[in-house]
Structures are given as structure tokens and as C-alpha cells.
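Written out below as C-alpha cells is the structure these notes cover.
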Protein chains: 2
Amino acid sequence: MGPQGRRRGRGARERILSASQRLFRTQGINRTGMDQLCAEAQVSKRTAYQHFAGKDDLVAEYLRRFDPEVMAGVFDRTDLTPRERLLAAFELPASGSDELTPLCPYIEAAVEIHDPRHPASQYARDYKLALAARLAAAAREGGATDPEQLGEQLALLLDGASARTRVLNAESFPTAAAIAAVLIDKALPATDRDRGSEG
Amino acid sequence: MGPQGRRRGRGARERILSASQRLFRTQGINRTGMDQLCAEAQVSKRTAYQHFAGKDDLVAEYLRRFDPEVMAGVFDRTDLTPRERLLAAFELPASGSDELTPLCPYIEAAVEIHDPRHPASQYARDYKLALAARLAAAAREGGATDPEQLGEQLALLLDGASARTRVLNAESFPTAAAIAAVLIDKALPATDRDRGSEG
DNA sequence: TCCTTTGTACACCGGGCTGTGTACTTAACG
DNA sequence: CGTTAAGTACACAGCCCGGTGTACAAAGGA
């Protein structure tokens, strides 16, 4: 119910969004009420609704905030060959060694929202396509025979690992990584395995 | 809210469960209220709560009912070689040609329920393990080098296709099938591709 | 200093949800 | 026929949720 003792002042919007990240990811979207979210953000409910038109709006903005941060760490690593970059995408994201990888927030949103026309569902779709495109770009750089196909395949593996980790309550990324290795070895020319095809 | 005109009589429990299948699959679990469900089942709300302790109970039972029906069609086909059976698991399930494959109900439940200790989550986990085991059994029958690994890999592909179909709002099973073909060809001995290793 | 912008406190509304109480009706079976 | 199990109709309790109205307090630039 907002900040009871100390005033928290000006950074309301940012606090709301970062509280969203914490709560939506750990509890899910539907199970997180606006009251709890405002309490976590130390923001009054009124303020929240002055910054966001509604919960839907907040959810959409929460998803939009993921785009930059998620994939940048992997794809911008110029020290790795394309092949290594593709494989690095399957290393456990932000691996707190005893915690499970949480379900991809876009899949979570798509399942919880369930309306394909909802802005959040649009963002989810856009993100997934963008990620596949990035994978395809790295695949092309590595000299893959059919980069788009490999990108889509690897993206599917990531989604599978994420969903399966949630259902089984056990880490599934290593399995996905093993499949990815097979696909990459098959699609990338053997001579370029340790070196990009860039000339 | 229940049967307004005609009385429907004795088959209440079955009608409730089959209405669950229709509504939970098309709308999701949380978005389907007991009122709507009872209306669809043409059953009074009171009757529903005489058959099930609560909605949680109904959801658990709804999931339990899937076990026999889903995989039986594929794995019992003795006319197919093990390799063909493994591949058949990736053919679009119940393909209404213009409709998307709905999200696997166990993934749906695991995401919507979100509590790993909930009976529904248990069923989901059990089902996923059982399916992987069935795939592994077929893989073993086909002479795979590491049947358990192949089973787990194929199961992950199915989950990935299911989740990604939902997020992208576009069919992803063909992609998964292509990956499956690669994995199967790699794991099954070439001489046994058209014939089981049974002797 | 004053005034605008931002945030606060808190009660409250309407609606949907799960679940129940009660009195009644019907179908099946002996 | 009579008895009993199954189902019905419907109102209603209680809860939580998203969202709002109102009156007030503080920060910060001019």
C-alpha cells in the first residue's frame, strides 16, 4: 500500500518498473496485484495510475524494457567467433547456480495474457522474431548454408528449454545446448568452425 | 448459469469434464470461471461442487484425463517403424488445417498455476517425464545409441514447438520436425532406418 | 519567495471470482 | 408405489482485483 514511513520522492516511474521486473518474473503477471506492486515499489497507488493508464499498459512497458538488456551481452561479444556466439546463447542466463532459470517473460506474458492482440503479446512476438533474426545474422556471419532456418531452429530450442525448465522444475538448457551444437556443426562449414567467414 | 430450459439429468460429472477440456484449452484456466464452465456443461453450479472439492480439484482431474488419449494414437501404431513413430509425434496434432495448434495443456497449467506443489503441476511434470520415457523407449527399440538422451531431446523439441506456436501465433511444429529428423538420423544406426532392430 | 509538478494517504466503487445454503425437482430402482 | 440418490434454481457471502476521488504534502525551479 505504498510508502508508509519515509517519503521516496521523485523516481516513481523507475521504481514501479523495477518492481514489476522483480514481481512479474517471480510471481507471474496475473498473480501480482497492483496493491502489492505499489508496496514493493514504495509508491502510492494513485501515483502508479498517473504514470500508467492501467495494468495492461504497465505490463506492456515492462516487456518493452527487456529488449535491450537480454541479448546484448551475447551478441556484442566480438571476441567470440559466430559459432561461439551461437553456442553462448545457451549458457544458463544469469546463472544463480542453485536457482532455476525463470521462464522467459515473453512466453509467460503470451500465456497469461492469452489475447494475441494485446500490446504485450505483440511485444512478445516482436521480441521472438528479433531474437531469431539475431541468431540468423550470426549464423550467416558464420557461413551457414541456410541462416534463417538455423536461426529459427535455435530460437525454438531456447523456447523449448525455457518452457520445459518450468514444467519439469529442472534445468533443461544443457539439453538444448547439446542439440544446438549438433545443428550448428551440421549447418556451419567445418573449415570455419573456429574462425568467422568474414574476409 | 446451468441448464435453463431442458433438464440434462445424470451424466453431470462427464459433462463437466468435457466442458473443461473445451474451455480450459481455448480460454486458459484462470480466464475460465466456474459460472461459465457450468453453463457450458449444462450443469448447475451446486452439482459441480458436489463432484469436485473445488476448482483446483477440477483442474487436476482435467489434466489427469489427458494421459491416455494424447500419446496413444502415435505410440501404439505397430505398422510404423520406431523411426517413423518418433517422427510421427511431430505431425500436427489433430490438425484442423486453418487453426493453430493449441498450447500443450500441461505447459499452460504449469504457467497459469505457477505453484510447483499444486497437484496439477505434479501431473504436468509426470506427464512430461512419461512422454520423454515413451520417446526413449521407441528410440531404444530403434537402436539409438543413447535412447534416454534422444527421448529428452525430442520432448524438448515438442515443448519448444508448442510454446513458440503460442508466442508467434504461427505454427512451429514443422521446424521442430526438421530438427527431430536430424537428431534421429544421427542417433539411429543408418542400417536400421527402415526397420526396427528387434530380432 | 511562490507556484507548479510530483507524490501521498486512504477510503471507496463496481465487478468478477470461488464457494455455500436452502428448498425444490427429477430420475432410477426395488 | 415409495424411497433415495442425483440434479436444479437462485440468492448470497466474502474476497480480491483494478481503478478512482479527494484532499493534502513536499520537492524544486523561477
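Letters A, B, ... are given to chains in the order of the sequence lines, protein chains preceding strands, and every chain is numbered from 1.
The closest donor-acceptor contact from the side chain of Thr165(A) to the backbone of Ala161(A) lies under 3.5 Å. One N or O on the side chain of Glu112(A) and one on the backbone of Asn30(A) form a donor-acceptor pair closer than 3.5 Å. The backbone N or O of Gln42(B) lies less than 3.5 Å from a partner atom in the side chain of Arg15(B), making a donor-acceptor pair. Panel note: side chain Tyr106(B), backbone Leu63(B); a donor-acceptor pair is recorded below 3.5 Å.
dC17(C) atom P lies 10 Å from atom CD of Gln27(B), rounded to whole Å. Separating the CG atom of Asp35(B) from the P atom of dC12(D) is a distance of 15 Å, rounded to the nearest angstrom. Taking atom CD of residue Gln42(A) and atom C1' of nucleotide dA9(C), one finds them 15 Å apart after rounding to whole Å. Gln36(B) places its CD atom 16 Å from the C1' atom of dG15(C), with the value rounded to the nearest Å. To the nearest angstrom, C1' of dA6(D) lies 14 Å from CZ of Arg13(B). Lys55(B) places its NZ atom 9 Å from the P atom of dG19(C), with the value rounded to the nearest Å. At whole-Å resolution of the value, CZ in Arg31(B) and P in dG16(C) are 13 Å apart. Rounding to whole angstrom units, CG of residue Asn30(A) and C1' of dG16(C) are separated by 14 Å.
The residues Glu152(A) and Arg164(B) are annotated as salt-bridged, a charged nitrogen and a carboxylate oxygen being separated by less than 4.0 angstrom.
Residue whose closest nucleotide on DNA chain D sits further toward the 5' end, between Gln50(A) and Met34(A): Met34(A).
The Thr47(A) side chain lies nearest to dT8(C) when the options are dG18(D), dT20(C), dT8(C).
Dashed line: the shortest gap from a side-chain N or O of His51(A) to OP1 or OP2 of dG7(C) is under 4.0 Å. Contact annotation: Ser44(A) side-chain N/O to dG7(C) OP1/OP2 distance is not under 4.0 Å.
Contact of Lys45(B) with dG19(C) (side chain to base): a donor-acceptor pair of N or O atoms is detected under 3.5 Å. Donor-acceptor pairing under 3.5 Å, judged by distance alone, is present between the side chain of Arg46(A) and the base of dG21(D).
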